[in-house]
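See below for the structure under consideration.
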Amino acid sequence: AMLSHEVSKLYGEDGLPENTININFLGHAGQSFGAFLAHGVVLNLEGDSNDYVGKGLSGGIISVRPPRDSSFQSHENIIVGNV
């Protein structure tokens, strides 16, 4: 939310051009990962996350995928949300 706040202060509600800021994460993301994410910001998470991912999404892009070395099938398991 802090990054998106700064983006909106500088660039208004239109945000940045697509894929201007691209950030990669590895591991476990907490609740509300990518909340209120502004247009032009991309968050890529290799891991899993709690609930409310992308809450109030405002044009940004969030991708979550299981770790490369995981032994489970992602389509048969939950990687975002509470279980």
Side-chain angles (χ1 to χ4, degrees):
M2 290 173 54
L3 173 61
S4 291
H5 171 71
E6 294 300 323
V7 168
S8 67
K9 275 190 346 186
L10 293 171
Y11 300 97
E13 66 182 56
D14 291 336
L16 297 164
E18 263 188 57
N19 300 318
T20 301
I21 300 173
N22 199 313
I23 306 170
N24 297 313
F25 297 91
L26 177 63
H28 307 284
Q31 188 170 354
S32 300
F33 177 70
F36 312 108
L37 194 62
H39 187 269
V41 182
V42 179
L43 303 181
N44 301 298
L45 172 63
E46 183 180 331
D48 58 37
S49 183
N50 287 344
D51 57 346
Y52 297 111
V53 167
K55 167 176 82 173
L57 192 64
S58 298
I61 297 173
I62 300 170
S63 70
V64 181
R65 65 183 184 89
R68 290 184 185 126
D69 61 355
S70 65
S71 59
F72 62 85
Q73 298 293 317
S74 60
H75 66 280
E76 295 176 352
N77 291 273
I78 296 170
I79 59 172
V80 174
N82 293 329
V83 248

Between [X] and [Y], is there shared hydrophobic-cluster membership here, with clusters defined by ILVMFWY side-chain heavy atoms closer than 4.5 Å?
X	Y	answer
I79	F33	yes
L10	V7	yes
F72	I78	no

**OP:** Pick out which of V41, L43, V42 makes a side-chain contact (heavy atoms from CB on, under 4.5 Å) with N22.
**Re:**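 Testing N22 for a side-chain contact (heavy atoms from CB on, under 4.5 Å) against V41, L43, V42 leaves exactly one candidate, V42.
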Between atom [atom1] of [X] and atom [atom2] of [Y], what is the distance when rounded to the nearest 0.5 Å?
X	Y	atom1	atom2	result
I21	L3	CD1	CG	4.5 Å
D14	S8	CG	OG	11.5 Å
R68	S70	CZ	OG	11.0 Å

With a 3.5 Å cut-off and sequence neighbours excluded, list the donor-acceptor pairs that the side chains of residues 51-66 form with protein atoms.
residue : atom : partner : partner atom : Å
D51     : OD2  : N82     : ND2          : 3.2
K55     : NZ   : S32     : OG           : 3.3
S58     : OG   : G56     : O            : 2.9
S63     : OG   : N44     : OD1          : 2.8
R65     : NH2  : E46     : OE1          : 3.2

**OP:** Determine the minimum heavy-atom distance between G30 and S49, stating which atoms define it.
**Re:**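 Between these two residues, the closest heavy atoms are O-OG, 3.5 Å.
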**OP:** Output all residues satisfying ring-ring contact (aromatic ring centres under 6.0 Å, His included) with F36, sequence neighbours left out; order by chain, then residue number.
**Re:**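 Partners of F36 by the ring-ring contact (aromatic ring centres under 6.0 Å, His included) criterion come out as none, since no residue qualifies.
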Subject >> Under the ring-ring contact (aromatic ring centres under 6.0 Å, His included) test, residues paired with Y11 that sit two or more places apart >> reply: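 With neighbours one apart ignored, the set is empty.
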Original post:
So does E13 have more than 12 non-hydrogen atoms from other groups sitting under 6.0 Å from CD?
Top reply: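 It does not: E13 CD has 12 such atoms or fewer within range.
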